[in-house]
There are 2 protein chains.
Amino acid sequence: MFRYDNGRLVVQFQACALVKLFKKVIEMNSRKQQVIKKSQQLFIEKGYQATSIQDILDYSGISKGTFYNYFSSKNELLISIFKELAEILSDKRNEIMIGQDPADLDVFTKQIELSMKINKQHRIFTLFEEVLISNDPELKHFVKESQMKVVIWIYERLLEIFGEEKQPYLLDSAIMFVGILHQNMKYYITWHDKDASIHPVVQYSVKRMATIVEDLAHTREQLNQPSLVDKWFPNDQTDSNRLQEELKQLLTSLKKSLIAEDQRPYVELLDLIEEELLQAKHPRAFLIQTTVNSLNQAKSIDSSQLEHLKQLITNLLN
Amino acid sequence: MFRYDNGRLVVQFQACALVKLFKKVIEMNSRKQQVIKKSQQLFIEKGYQATSIQDILDYSGISKGTFYNYFSSKNELLISIFKELAEILSDKRNEIMIGQDPADLDVFTKQIELSMKINKQHRIFTLFEEVLISNDPELKHFVKESQMKVVIWIYERLLEIFGEEKQPYLLDSAIMFVGILHQNMKYYITWHDKDASIHPVVQYSVKRMATIVEDLAHTREQLNQPSLVDKWFPNDQTDSNRLQEELKQLLTSLKKSLIAEDQRPYVELLDLIEEELLQAKHPRAFLIQTTVNSLNQAKSIDSSQLEHLKQLITNLLN
DNA sequence: CAATTACTGTACCGTTAGTATAATATATTG
DNA sequence: CAATATATTATACTAACGGTACAGTAATTG
């Protein structure tokens with residue numbers, strides 16, 4: 001499987017074997033995921049505070065030792081859950097964007113509606129609120145940053161939708177949109193049927209936001225300068241984030257065409273690239289490079305996309 | 001002090017003596033208030049969860065037995081604090097309204113700004129959030145109801161400001177205004193100087209809300225019917241609330257004129273009426289009646305106002 | 001097979017909210 | 001003033017929690 005060619009290490013094997021190797025290296029599977037899943041269920045049912053570690057142990061069928069082998073604390077478990085959900089959310093949002101006009105307000109509405117659905121399912125708001133309190137500064141910071149990221153994502157989408165000329169007012173609009181949306185959701189859910197579609201709420205909220213954007217552009221009133229974002233998130237971090245977003249979008253699009261062509265194994269390869277590149281603390285360039293090379297064999301991936309992918313990976317790895 | 005006149009019990013004495021009697025009957029003073037005050041300080045500094053009961057005992061210099069004699073639990077203490085703050089807020093809001101046009105948007109802005117200031121001072125948002133989590137259903141319900149009351153108060157103010165013809169859209173407007181305001185506050189505070197005036201934020205938020213109201217009236221879009229409020233708060237309760245609000249406004253106005261005329265003792269009498277009428281579980285009609293009667297001697301209170309007061313009290317007591 | 005690794009079980013620590021109670025101080029009342 | 005009632009203290013206690021420590025066991029791997 002490994003061999004030297006002119007002093008350079010070369011790895012060659014089928015996609016399947018590579019997948020196996022990766023799965024082991026990345027150790028993303030196993031019971032840890034199970035524990036996350038189970039505790040997530042418990043948190044949804046009972047809430048974070050109300051769920052004791054003993055509950056989690058009983059429900060997942062592991063011992064305390066194992067738990068603290070996986071997670072250094074209950075809070076760290078919660079962060080893991082949040083991160084996973086954020087990943088899912090981001091993936092699905094990108095999926096919606098494929099082949100669509102980024103400036104289409106309806107696409108944005110669909111993305112928000114989906115986010116709200118997942119939020120509702122997993123009680124993310126409740127968990128966030130529950131945590132904003134906790135004494136763990138790390139956890140607090142994580143949640144605050146997550147919420148900030150949501151605002152920034154919306155801000156950047158609004159930029160695509162309303163264009164550069166509205167830019168000075170779009171950070172304010174994003175902030176207020178989040179407020180409108182959450183508050184509307186809250187009361188709509190308490191007053192209407194719990195299983196009622198949230199679509200009207202989202203649509204209604206988006207419309208209000210659009211009105212606000214127009215109004216702000218007209219009255220030229222501004223509360224927060226969009227440049228404040230850079231202050232909070234250092235430039236290189238936002239740059240990196242942007243690259244990550246771009247990569248994710250590209251990957252989702254590639255995956256879709258692969259699935260359409262019935263070339264599933266390659267999808268797994270893409271998953272593994274994403275995994276190693278975005279999740280691992282120290283991505284192993286060598287493994288990623290190998291995987292990308294083996295993508296050459298996939299016919300449904302055209303060379304320009306592959307070039308784009310390689311470019312993104314190089315940028316992300318430096 | 002007591003004497004019988006034709007078989008009817010009559011009480012006659014000066015305002016001062018009456019005040020003393022009341023203070024004892026109502027037992028509102030004493031160290032309990034001190035404990036509330038001290039623990040409030042601790043909650044502001046350290047947060048609710050992070051403040052242990054032992055901290056409160058040490059800081060207020062009482063024993064555990066006394067604490068649990070005053071409050072049945074830590075949560076109940078928190079409710080006491082909330083109730084007191086709500087009282088203060090309501091008082092100050094009414095004070096602002098005296099002699100002003102209820103339809104003036106600037107008056108509303110001032111009321112909101114003041115509420116935000118007090119909220120900021122006492123970290124009410126944080127405490128509310130901190131509590132939304134707790135497992136105590138009573139506490140949760142209390143907080144939710146409090147937030148709902150804020151929305152309803154805003155809704156009723158908007159009704160005064162924008163008039164009946166906008167009524168169908170004012171509940172939605174109130175809900176979204178709360179979202180806009182809170183969200184704007186949150187990011188404004190994190191990005192700007194902590195001691196910066198919040199006036200621009202409030203003004204900005206109110207303007208957006210006004211835009212939304214106009215837009216809704218124009219597009220005729222509605223998410224929540226204002227009648228839903230009655231569903232949540234039974235009619236008699238909202239009626240009672242309205243009476244209470246009216247009483248409070250009248251009292252604040254009376255107090256102001258009394259202070260202007262330098263007749264302080266009567267102010268205390270009014271305080272005691274309010275105390276007994278709105279706080280006590282079973283207001284003693286007899287005591288209130290007596291107090292009101294002794295108000296006849298105050299020259300700065302005209303008879304029409306006194307009649308109004310008597311009418312309100314009768315309505316509230318049945 | 002041997003050695004590393006993953007996992008279990010149990011006992012333990014410090015802290016927390018809340019209970020119980022006997023002793024003591026402070027008011028109230030006849 | 002003295003008897004009584006009430007308010008307060010001090011202390012010891014319970015049960016639950018998050019988290020630690022560690023010796024023993026099962027599974028995996030080269």
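Residue numbering restarts at 1 for every chain, and letters A, B, ... go by the order of the sequence lines. In this text the structure is predicted, and so the values were computed from the model without any measurement.
Between A:Lys74 and A:Tyr48 the shortest heavy-atom distance is NZ-O, 3.1 Å.
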Show me the donor-acceptor pairs, under 3.5 Å and distance only, between side chains in residues 62-71 of chain B and residues at least two apart or in other chains.
from, atom 1, to, atom 2, distance (Å)
B:Ser63, OG, B:Thr66, N, 3.4
B:Ser63, OG, B:Thr66, OG1, 3.1

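Remark: B:Arg31 is in phosphate contact with D:dT8, judged by side-chain N or O atoms under 4.0 Å from OP1 or OP2. The side chain of B:Thr66 places an N or O atom within less than 4.0 Å of a non-bridging phosphate oxygen (OP1 or OP2) of D:dT9.
No side-chain donor-acceptor contact under 3.5 Å links B:Lys120 to the backbone of B:Met185.
Taking atom CG of residue A:Asp58 and atom P of nucleotide D:dA16, one finds them 14 Å apart after rounding to whole Å. Note: NZ (A:Lys32) to C1' (C:dC7) measures 15 Å, nearest angstrom. What separates CD of A:Glu76 from P of D:dG18 is a distance of 16 Å, to the nearest Å. One can place CD of A:Gln34 at 16 Å from C1' of C:dC7, the figure rounded to the nearest angstrom. As rounded to whole Å, 13 Å separates atom C1' of D:dG18 from atom CG of A:Leu77.
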Legend entry - Contact pattern, 5' to 3', of nucleotides 10-23 of chain C - B, S or - by protein heavy atom under 4.0 Å: -------SBB----
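In summary, B:Lys83 and B:Glu87 do not engage in a salt bridge, as defined by a charged side-chain N under 4.0 Å from a carboxylate O.
If you check the side chains of A:Glu84 and A:Gln33, you find a donor sitting under 3.5 Å from an acceptor.
As judged by a 4.0 angstrom heavy-atom cut-off over every strand, A:Tyr70 is placed among residues touching the sugar-phosphate backbone only.
Listed by chain and residue number, B:Leu42, B:Phe43, B:Lys46, B:Asp55, B:Ile56 satisfy the side-chain contact (heavy atoms from CB on, under 4.5 Å) test with B:Thr51 (two or more places apart in sequence, or in another chain).
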